[in-house]
Amino acid sequence: METLLEMLKDMHPEVDFENNDKLIDQGILDSFDIVSLIAEIDNEYGVTIPPESIIPENFNSAKALYALIEKLED
Amino acid sequence: MKKFFSITLTFVIAFGGLGLGQRILMPKYTTGIVEGALIEEYYHEKAPHDVIIIGDCEVYENISPITLWEEYGITSFIRGSAQQLIWQSYYLLEETLKYEKPEVVIFSVLAMKYDQPQNEAYNRMTLDGMRPSVQKFKSIRASMLPEEDMISYVFPILRYHSRWSELNSEDFAEAFKRQRRFHNGYYMRADIKPVETIPEGRVLANYDFGENAYKYLDMMVELCKENDIELLLIKAPSLYPFWYDQWEDQMVEYAKKHDIEYINFLELIEETGIDFSVDTYDAGLHLNVTGAEKLSMYLGSFIKDNYRLKDWRSDGDLAEIWQEKCEFYHGMKALQYEELEKYGYLKSIKGE
Amino acid sequence: MLFTSHTFVIFISLLFLLYYTIPKKYQWKLLLAFSYVFYFIAGPKFLIYIIITTVTTYLAAVRIGKHYRHLDAYLKENKQTLTREDKKAYKSGVKKIQWKWLLSALLVNFGMLFVIKYINFTIANINWTLEVFGSGQGLSFVSIALPLGISFYTFQSMGYMIDVYRGKYPPERNLGKLALFVSFFPQLIQGPISRFDDLAKTLFKEHQIDAKNMSFGLQRILWGYFKKLVIADRILVAVNTLIGDTAAFDGSYVFVLMVFYTIQLYADFTGGIDITIGIAQVLGIKVQENFLRPAFAKNTAEFWRRWHISLGTWFKEYLFYPISTWQPMLKFTRYSRQKFGDRIGKRLPVYIAAFAVWFTTGAWHGSSWNFIVWGLLNFAVLMISDELKPLYAMFHGRFNVEGTFHHKVFQILRTNFLMSAIRLLDCYRDVPTTFRMFGSMFARADLSIFTNGGLLDIGLNVEDYWVLAIALMVVFAVAIAQRRGSVREQLYSKPAIVGRAVFYLLFVAIIVFGAYGIGYESSQFIYNQF
Amino acid sequence: MKKILLCFMLIGIMVFSFAACSDEAVDGNQNENGQNGGQQDEVEEETNYEFEHNGALIAVNMEASEVLPKLGEERSYFEAPSCAFDGIDKIYSYGSFEVHTYPSGDTDYVSAIILKDDSVVTSEGVYIGDTKDKVLGTYGEDYQNMDGAFVYEQGEGKLQFIFVDDIVAAIEYIATESK
């Protein structure tokens with residue numbers, strides 16, 4: 001979970017990712033960030049997030065994102 | 001109930017407003033091009049007429065119904081308009097028969113040279129003046145150019161909406177009550193411009209009149225026969241556009257075949273006494289008031305001899321109605337001569 | 001049949017009448033019939049293309065759906081006996097078959113679109129290259145007219161295909177309903193490109209007459225016509241004059257063209273979409289918004305989230321994400337991260353994917369170089385503004401002007417200027433000319449044209465400018481009011497008379513001030529004797 | 001499975017061929033994304049037929065004020081107001097040919113040039129009295145037959161020959177587009 005938070009931090013240092021659960025709705029993460037995030041997740045966790053799961057629910061908060069990664073891992 | 005009332009009220013206001021807007025936006029032809037107001041004046045007539053004259057500027061500029069009345073007691077009305085095409089004349093006649101049944105109908109045959117719709121502006125001037133009727137609908141359909149469409153005739157506001165930036169006081173003043181400008185359809189012009197030269201007619205590839213033109217001429221003959229009206233074809237003594245001999249032969253032959261009268265005033269210049277140095281206001285294209293009166297003298301006697309029409313001058317009410325028309329006629333004639341002396345041109349018509 | 005033609009007005013009035021009189025269960029069938037009549041009027045020959053698209057999409061989607069059902073049944077049936085690996089292997093087997101179906105449908109439809117739209121463009125380029133290499137004989141052009149809305153309905157149906165392939169929702173089993181989704185006539189002319197699950201919610205339902213819905217829909221249609229007829233078609237005259245004569249109208253006239261074309265495009269495009277959404281609303285159908293007050297965008301990225309939203313989301317979902325999460329692409333990113341280091345390596349996939357998206361967006365708009373260059377310029381601006389982020393941050397660190405009113409205004413003006421500058425490519429339709437003219441705007445700028453009546457000889461007179469000024473103020477006022485929620489709701493809350501008065505004023509304004517019909521030509525009674 | 005895929009490919013090929021050979025005229029680069037800015041296809045400037053008289057070249061739609069002074073004193077002049085309009089057609093005749101003009105705005109433009117007798121000739125060398133074959137030989141077959149008259153369209157006007165038993169009876173340059 002920590003590596004994920006690190007990734008998000010160095011993209012937008014000013015955002016408190018621990019408990020902000022409106023990253024997409026508030027437009028903090030735009031499509032550019034999402035794509036570079038996916039590339040990094042693939043790099044760190046070896047998990048490729050398929051396009052169909054790029055939906056607001058999965059990316060709105062760090063927790064949701066991590067849950068997605070775990071689901072894809074097993 | 002209250003809801004129903006408020007909805008109908010809004011509809012009344014809505015359509016009333018648009019109707020008013022339409023009346024204001026319609027061109028009024030008060031000055032400059034006044035011919036656009038010709039057709040509409042027929043509907044204000046109170047008494048029937050024995051002679052109905054239809055056609056283009058060769059009728060409404062060359063025949064004076066007032067002279068026909070004063071000299072022969074003939075009651076007549078000219079339902080003419082600018083470059084009136086033959087099918088427009090036919091449907092105007094058909095519409096007139098709804099209001100009255102004349103004894104004689106006179107038609108100017110120059111329109112035979114136009115076999116197809118010509119010009120949107122002329123169409124509008126002839127058709128917008130007509131009151132809504134089946135004949136108007138048919139006339140529109142027969143006259144429409146490709147770029148025109150029926151809906152802009154049914155709702156003229158769709159055509160004249162862009163006139164909002166050119167509105168003047170007359171548009172509002174005459175939105176409902178139109179000022180009378182013509183004498184039973186005669187457009188008086190007292191000014192004089194003598195004839196100098198008239199160009200000969202250009203050689204044409206084909207001198208025959210079109211089938212469409214003949215079709216409507218036949219329909220006109222048929223319509224008159226059905227209502228036992230005497231049809232008289234005439235060619236006014238206008239020297240331009242050129243009246244080719246081949247056209248003349250076709251008309252003479254047509255009249256003989258259908259046993260109707262045909263007069264070509266171009267061949268009766270001496271008999272009518274028309275003098276082209278004083279009797280025309282545009283060097284030979286149209287007669288002025290003196291010319292029209294001379295022509296009407298001849299035409300009146302021809303009608304008297306051929307069609308045994310009653311002399312209505314003795315009829316009390318008709319005399320009264322026509323008395324007022326004659327005063328209006330002579331009043332305008334005097335005014336125009338006065339303007340010619342003072343300004344050298346007809347200020348009331350030019351409108352500058 | 002254009003939105004502004006009388007026949008279209010009659011067409012939709014007839015539709016509204018029938019729609020609410022026939023039994024409810026035939027409503028969507030009526031829509032289908034009207035859509036195909038609309039398409040037939042546009043060009044009977046083109047029906048073949050839309051039918052092929054519908055049929056191939058239907059067949060492929062149903063096939064994929066069948067495989068999904070078999071898969072679920074199989075998995076549920078022997079839930080216990082199968083290990084995770086077997087499940088995965090079986091699933092990927094099924095996926096492979098489905099992929100073949102998806103691929104063939106994509107090939108047929110995009111192939112058709114490519115052949116019809118870009119064949120001449122490719123031939124032109126082949127001829128150009130042939131000439132460069134000296135062999136004279138070029139290919140001859142093929143004459144193909146573009147079927148109505150082919151780019152729109154092809155993208156829409158392919159979006160549906162990919163969603164079904166991804167298992168987002170089951171395929172539509174009724175061919176008629178799918179045909180309606182593909183050919184729903186208001187969307188054929190200017191979009192928007194709807195998503196099936198979003199449109200299907202209301203497209204196939206049975207709709208009662210709902211006074212509020214109807215009046216809102218009609219108001220929206222009127223609002224669309226107001227923008228199109230009073231503003232767009234009036235200013236189009238000036239736009240055409242300025243484009244028509246590049247020799248006479250350069251220098252500051254190019255700036256005038258930029259502003260006028262932006263106004264014309266905004267009024268025409270948003271007007272057209274308002275009419276589309278209005279018609280759908282009267283029919284009780286919810287079509288997604290395609291614009292969100294684009295004039296107020298503060299940067300290019302935000303602009304493209306407010307302008308032509310449906311196209312933007314389409315490309316994002318079906319091109320941008322798939323490319324960037326594509327296996328080879330991810331491998332390439334890992335490789336580039338080692339080679340160029342973390343900072344550049346991270347951004348590379350984004351830029352490659354964005355480049356592909358903007359290249360296709362440009363090509364989608366039209367088959368000529370100026371559109372492709374238009375797309376690439378948009379890409380360049382986005383990329384530069386992304387790269388300059390640290391610079392902006394540093395700047396804002398020093399002068400804390402971030403978020404102030406003036407800064408927002410500056411950002412809005414800058415974005416609008418940028419967007420309309422790039423859009424010049426649309427006007428001149430030729431890349432070198434556009435750049436030359438854009439240059440001349442600075443080189444030969446002479447602001448006297450604004451004072452010496454220069455604006456009066458490009459086809460508009462003083463009255464036209466007054467009408468445009470007032471109409472634009474109305475549009476601006478509405479845009480401001482929209483920040484507090486839908487203007488029509490606010491109107492609806494007021495007494496009925498106010499609503500009706502606004503409705504009537506709008507209607508009269510269109511009838512009187514609309515730029516339509518013969519009357520609109522400047523010399524009204526054209527003297528034409530031959 | 002293969003069978004279905006095959007029929008898909010078939011449809012595809014059929015579409016391509018159908019699309020390629022459909023003879024619909026290409027109506028310019030019509031993009032339908034709503035960005036429908038002004039649509040203007042470049043019409044190359046076809047020159048009008050020209051008539052030459054004592055050194056002056058006249059063609060239809062030329063400004064009358066430029067052309068007429070060069071032709072010297074006209075033999076006669078005629079104004080022809082139409083039925084209702086204040087715009088006036090003017091006819092300047094120079095004996096062997098006539099020049100007609102029409103008003104657009106407040107300038108007059110040449111609407112027609114009419115050759116009257118065999119003392120004047122078209123710049124391609126045809127005059128009244130020539131045979132039909134001479135006309136065909138000089139101007140070619142690309143003409144429209146309007147009730148027996150040969151009409152050669154070019155630029156903003158047309159050159160019209162009227163025949164009476166295969167002999168040229170009239171030669172007219174007529175403007176087809178008005179300014």
Side-chain angles (χ1 to χ4, degrees), chain B residues 2-3 5-22 24-27 29 32-33 35-36 82-83 114 116-125 128 144-167 202 240-241, chain C residues 1-2 4-11 13 211 215 218 222 225 229-230 233-234 237 456 459-468 470-471 495-530:
Chain B
K2 189 182 163 309
K3 192 151 181 12
F5 176 70
S6 81
I7 287 179
T8 41
L9 186 68
T10 7
F11 266 108
V12 163
I13 295 170
F15 286 106
L18 269 179
L20 174 68
Q22 177 164 290
I24 292 169
L25 283 167
M26 295 272 287
Y29 307 111
I33 309 163
E35 291 85 341
Q83 205 176 59
Y114 297 117
Q116 294 303 330
Q118 291 300 311
N119 176 312
E120 192 259 346
Y122 287 135
N123 282 350
R124 294 306 307 201
M125 283 200 277
D128 278 344
M144 275 206 299
L145 289 160
E147 71 263 22
E148 293 182 271
D149 45 52
M150 179 59 79
I151 195 144
S152 69
Y153 277 99
V154 175
F155 301 110
I157 192 169
L158 296 177
R159 168 69 179 76
Y160 297 113
H161 62 92
S162 53
R163 277 195 72 246
W164 62 272
S165 52
E166 301 146 24
L167 292 184
R202 286 153 62 169
Y240 183 91
Chain C
M1 189 187 348
L2 288 171
T4 51
S5 67
H6 302 301
T7 34
F8 185 75
V9 173
I10 296 162
F11 182 81
S13 329
S215 72
L218 288 174
L222 270 186
Y225 273 114
L229 285 177
V230 176
D233 288 359
R234 166 171 268 107
V237 174
L456 292 181
L460 294 178
N461 55 38
V462 180
E463 289 86 5
D464 284 320
Y465 282 114
W466 271 109
V467 167
L468 281 172
I470 295 165
I497 277 300
V498 172
R500 281 199 201 113
V502 166
F503 193 92
Y504 180 61
L505 277 176
L506 211 52
F507 184 72
V508 167
I510 294 167
I511 294 284
V512 173
F513 299 113
Y516 62 87
I518 302 170
Y520 182 65
E521 267 115 43
S522 47
S523 60
Q524 207 180 31
F525 280 99
I526 295 168
Y527 177 79
N528 177 354
Q529 44 101 311
F530 43 80

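So you know, we letter chains A, B, ... as the sequences are listed, proteins then strands, and number each from 1. Note that this is a predicted model, so its numbers are computed, not measured. The analysis underlying the following values was restricted to heavy atoms, covering all of them including side chains, and did not include hydrogens, waters or symmetry mates.
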Can you tell which part of C:Val462 gets under 4.5 Å to a heavy atom of chain B, answering side chain, backbone, both or neither? neither
Listed partners of B:Asp149 passing salt bridge (charged side-chain N to carboxylate O under 4.0 Å, His left out), at least two apart: none
Sort B:Ser152 into side chain, backbone, both or neither according to what part of it lies under 4.5 angstrom from a heavy atom of chain C. neither
Part of B:Leu18 within contact of chain C (heavy atom distance under 4.5 Å): both
According to salt bridge (charged side-chain N to carboxylate O under 4.0 Å, His left out), who are the partners of B:Arg202, at least two apart in sequence or on a separate chain? D:Glu172
Whether C:Phe513 and B:Trp164 hold their rings parallel, tilted or perpendicular, with breakpoints at 30° and 60°: perpendicular
Interatomic distance, CD1@B:Ile13 vs CD1@C:Ile497, rounded to 0.5 Å, equals 7.0 Å
Distance from C:Tyr504 atom OH to B:Phe15 atom CZ, nearest 0.5 Å? 9.0 Å
Using a cut-off of 6.0 Å, state whether more than 12 heavy atoms not belonging to C:Phe507 lie near its atom CZ. no
For the student: nearest non-hydrogen atoms of B:Ser165 and C:Glu463, plus distance: CB-CG, 3.4 Å
Could you tell me which non-hydrogen atom of C:His6 sits nearest to which non-hydrogen atom of B:Leu158, and how far apart they are? CE1-CD1, 4.1 Å
Is atom OH of C:Tyr465 surrounded by more than 12 heavy atoms (other residues, nucleotides or ligands) closer than 6.0 Å? yes
